[in-house]
Structure formats: C-alpha cells, structure tokens
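The structure under discussion appears below in the form of structure tokens.
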Number of protein chains: 2
Amino acid sequence: MKKEIPLVNNMNPATNLDFEKYEQKFKALADQQRLQIINILALKESVCVCDLTPMIDMPQSKLSYHLKILLEADLIQKEKRGTWNYYSLNIKELRGLLSDQLCCVFLPSCC
Amino acid sequence: MKKEIPLVNNMNPATNLDFEKYEQKFKALADQQRLQIINILALKESVCVCDLTPMIDMPQSKLSYHLKILLEADLIQKEKRGTWNYYSLNIKELRGLLSDQLCCVFLPSCC
DNA sequence: TCCTAACATCAAATTTATTTGATGTAATTT
DNA sequence: AAATTACATCAAATAAATTTGATGTTAGGA
C-alpha cells in the first residue's frame with residue numbers, strides 16, 4: 001500500500017517541553033557577544049580559550065560565562081586536552097535550529 | 001549572461017550589524033510565552049487580540065507587551081480593522097531564521 | 001616542591017527584561 | 001451622548017541576566 005506523504009504535518013504539535021527547550025537555545029543565541037563567539041568558533045575546528053581571549057575583547061571570566069551558556073544550550077562542545085579546554089561548534093544542533101541562510105551568515109564554513 | 005549560483009557563499013561574512021539585528025530576533029524568540037503565541041498564530045491566517053486572550057492564560061497588558069516584542073523583531077505583522085487589531089506571522093522572516101525542522105515544530109502549517 | 005598558566009566558579013553590583021495594575025484612547029454600540 | 005469593547009501604554013515592582021573582580025583548581029614546567 002502506498003504511503004501518503006501528508007501535505008500538512010500536524011503529527012508533531014509543539015509541546016510545553018519544546019517551548020522550554022527552545023527558549024533556552026534561543027536565549028543562548030540572543031546575545032551579540034555569543035553570536036560573535038559562535039562566528040569565531042566557525043572559523044576553526046576547535047579553539048582553546050587562550051586563543052579565543054585575544055580574538056575577543058572580553059575579560060576571561062566573562063568569556064567563560066558566555067561559553068557556559070552556549071555549552072548548556074548544547075550549541076557548542078568542550079574537550080579537555082591537558083591544561084587547555086577546546087571548544088567547538090555543535091554543527092548538527094545549530095543546523096537543526098537555524099535556516100540555511102542564517103547558517104551561511106554565522107557559520108561560513110557551512111556554505 | 002548566465003548568473004552563477006555560488007556553491008560556497010563566503011561573500012557575506014557576519015558584521016556587527018548582523019549580530020545586533022539577530023540578537024533582537026533571537027531575543028524575541030527566546031521566551032516560552034512568545035513561542036506559544038507564535039504557535040497559536042500559526043493556526044490561522046490572522047488573529048485578533050480578543051481571540052488570542054482566551055486562548056492564552058495571560059493578562060491583556062502582558063499579551064500586548066509580548067506582541068510588541070515580536071512585532072518589533074519583525075516576526076509578526078499587525079493590521080488594524082475597525083476596533084480590532086489582527087496579528088499574523090511574518091512567515092518569510094521566520095523561514096529566513098529557522099530551520100525547516102523547527103518550522104515544522106512551531107509553524108505546523110509550514111510542513 | 002614551588003610556581004605559573006589556563007581556566008572555572010563565586011558573590012556582589014549592575015543592567016535589562018518582565019510583570020502588574022492603572023490609565024488612556026479610539027471605535028462601536030446603545 | 002453615554003457606555004462599552006478592544007486594545008496600547010505607562011510607571012512601579014519584581015525577576016532574571018550580565019558584568020566585575022576576586023578566589024579556587026588543576027596540570028605542567030622549573
């Protein structure tokens with residue numbers, strides 16, 4: 001039997017849980033400084049905080065705070081190597097969130 | 001002469017103006033109540049505040065405030081008809097912002 | 001072992017966003 | 001014309017996010 005592709009997909013209406021989850025993710029995106037961090041992370045595979053600091057005009061504790069917000073929203077990942085913490089974008093998550101157009105603006109390596 | 005579509009669009013790196021603009025848009029999205037409003041607006045072409053009020057558990061002045069945030073971010077539009085103000089989604093803007101996947105969650109009529 | 005670099009975390013101060021209840025205004029109804 | 005509906009706006013109160021400077025922790029080097 002042929003499986004119909006519905007024109008309108010109302011199978012997955014948004015739930016309160018979705019609202020809560022996406023609120024957090026959009027909050028993480030809703031800050032110029034964090035958008036800039038994302039933009040810089042998009043340039044490389046992985047960047048340590050010590051390399052990030054001179055690229056961005058921000059005291060270290062502040063940078064650390066913003067990285068944490070992004071991390072908790074699962075928009076970036078953290079990997080410890082020795083003394084250094086390397087951060088990288090969670091591309092999959094970001095692409096699930098942002099339009100292609102927006103990915104092109106903020107994640108130039110995506111296009 | 002044929003116009004080429006570039007495979008990689010690195011022509012438009014993000015600027016500070018982009019950061020500012022998208023900060024505002026993401027801020028508007030970064031709230032459960034506003035996501036719920038968007039979700040409700042997606043059900044109809046256009047909804048007046050008086051119909052919205054009973055659908056959403058919120059004092060009128062609060063609803064008005066949140067609609068304004070969405071309006072200023074250009075995520076929704078307003079049209080006055082007599083005594084009523086009708087609000088509708090700015091689908092084009094939303095699709096320029098959100099992934100297809102996310103559109104399906106919040107804007108079911110999109111899928 | 002002691003020192004330093006590379007961070008994270010914390011508490012207090014500050015800024016920004018949201019909520020609330022009251023008031024204002026314009027269109028409609030009576 | 002007065003009353004009512006459908007909003008927007010405002011100011012004060014509250015809540016949440018951000019910033020700052022200080023302190024804590026861990027790993028590596030001298």
Side-chain angles (χ1 to χ4, degrees), chain A residues 16 19-41 44-89, chain B residues 16 19-41 44-89:
Chain A
N16 281 353
F19 293 141
E20 195 176 337
K21 171 177 146 193
Y22 290 114
E23 173 180 88
Q24 187 190 15
K25 289 176 191 293
F26 287 130
K27 268 200 180 119
L29 289 169
D31 182 280
Q32 289 188 56
Q33 301 174 95
R34 290 192 292 266
L35 288 175
Q36 202 199 336
I37 292 172
I38 289 175
N39 194 229
I40 291 174
L41 291 180
K44 308 204 177 189
E45 273 297 303
S46 182
V47 183
C48 73
V49 182
C50 55
D51 287 335
L52 214 47
T53 307
M55 302 178 77
I56 205 162
D57 186 30
M58 206 180 277
Q60 179 264 320
S61 68
K62 194 173 165 182
L63 177 55
S64 208
Y65 167 75
H66 285 298
L67 286 169
K68 195 179 186 193
I69 299 283
L70 290 169
L71 193 64
E72 284 172 349
D74 200 27
L75 303 185
I76 64 174
Q77 292 146 338
K78 180 180 178 176
E79 194 201 340
K80 195 176 175 88
R81 291 185 222 154
T83 321
W84 298 275
N85 282 338
Y86 283 82
Y87 286 92
S88 58
L89 294 185
Chain B
N16 281 353
F19 293 142
E20 196 177 334
K21 171 177 145 193
Y22 290 113
E23 174 181 85
Q24 186 190 16
K25 289 176 191 294
F26 287 130
K27 269 199 178 118
L29 290 169
D31 182 278
Q32 289 188 57
Q33 302 174 94
R34 290 194 291 267
L35 288 175
Q36 203 197 336
I37 292 172
I38 289 174
N39 195 230
I40 290 175
L41 291 180
K44 308 206 176 189
E45 273 297 303
S46 182
V47 183
C48 73
V49 182
C50 55
D51 287 337
L52 213 48
T53 308
M55 302 177 78
I56 203 161
D57 186 30
M58 205 179 278
Q60 178 264 319
S61 68
K62 194 172 164 183
L63 178 55
S64 209
Y65 166 76
H66 285 297
L67 286 170
K68 194 179 187 193
I69 300 283
L70 291 169
L71 193 64
E72 284 173 348
D74 200 27
L75 302 185
I76 64 175
Q77 293 147 338
K78 179 182 180 174
E79 193 201 340
K80 194 177 176 85
R81 293 185 221 154
T83 319
W84 298 275
N85 281 338
Y86 284 83
Y87 286 92
S88 58
L89 294 185

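Because only heavy atoms are used, hydrogens play no part in the values below, and waters and symmetry mates are left out as well, while side chains stay in. We name chains A, B, ... by the order of the sequence lines, and we start the count at 1 in each one.
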Say you draw a straight line from [atom1] of [X] to [atom2] of [Y]; how long is it, rounded to the nearest 0.5 Å?
X	Y	atom1	atom2	value
Ile37(B)	Gln32(B)	CD1	CD	12.0 Å
Leu71(B)	Tyr87(B)	CG	OH	6.0 Å
Leu67(A)	Asn85(A)	CG	CG	9.5 Å
Lys27(A)	Glu72(A)	NZ	CD	12.5 Å
Leu70(B)	Lys68(B)	CG	NZ	12.5 Å
Leu29(A)	Leu75(A)	CG	CG	5.0 Å

Base, sugar-phosphate alone, or nothing: which one does Tyr87(A) contact when heavy atoms must sit under 4.0 Å apart? sugar-phosphate
What contact category does Ser61(A) fall into here, base, sugar-phosphate, or nothing, at under 4.0 angstrom with non-hydrogen atoms? base
Suppose we screen for salt bridge (Lys or Arg N to Asp or Glu O under 4.0 Å). Which residues come up paired with Glu79(B), at least two apart in sequence or across chains? Arg81(B)
Side chain of Ser64(B), heavy atoms from C-beta onward: which of dC7(C), dA8(D), dC7(D) has the nearest atom to it? dA8(D)
Take atom [atom1] of [X] and atom [atom2] of [N], then tell me their distance rounded to the nearest Å.
X	N	atom1	atom2	answer
Trp84(A)	dA27(D)	CH2	P	13 Å
Leu63(A)	dA8(C)	CG	C1'	11 Å
Asp57(A)	dT20(D)	CG	P	10 Å
Glu79(B)	dA6(D)	CD	C1'	16 Å
Leu67(B)	dA6(D)	CG	P	16 Å
Glu23(B)	dT15(C)	CD	C1'	13 Å
Lys80(A)	dA27(D)	NZ	C1'	7 Å
Leu70(A)	dA8(C)	CG	P	12 Å

I'd like to know if the side chain of Ser64(B) and the backbone of Gln60(B) have a donor-acceptor N/O pair within less than 3.5 Å. no
Taking atom types as they are modelled, would you say the side chain of Gln60(A) forms a donor-acceptor pair with the base of dA8(C) within the 3.5 Å cutoff? yes
Considering only heavy atoms from C-beta outward, does the side chain of Leu63(A) approach that of Gln33(A) to under 4.5 Å? no
Is the shortest side-chain N/O distance from Asn85(B) to OP1 or OP2 of dA8(D) below 4.0 Å? yes
According to a strict under-4.0 Å criterion, is Lys78(B) in side-chain N/O contact with OP1 or OP2 of dA8(D)? yes
Axis deviation across the helix from dT1(C)-dA30(D) to dT30(C)-dA1(D), five-pair ends, to the nearest 10°: 10°
For a quick check, with a 4.0 angstrom heavy-atom cut-off, what is the B/S/- contact string for nucleotides 11-19 of chain D, read 5' to 3'? ------SBB
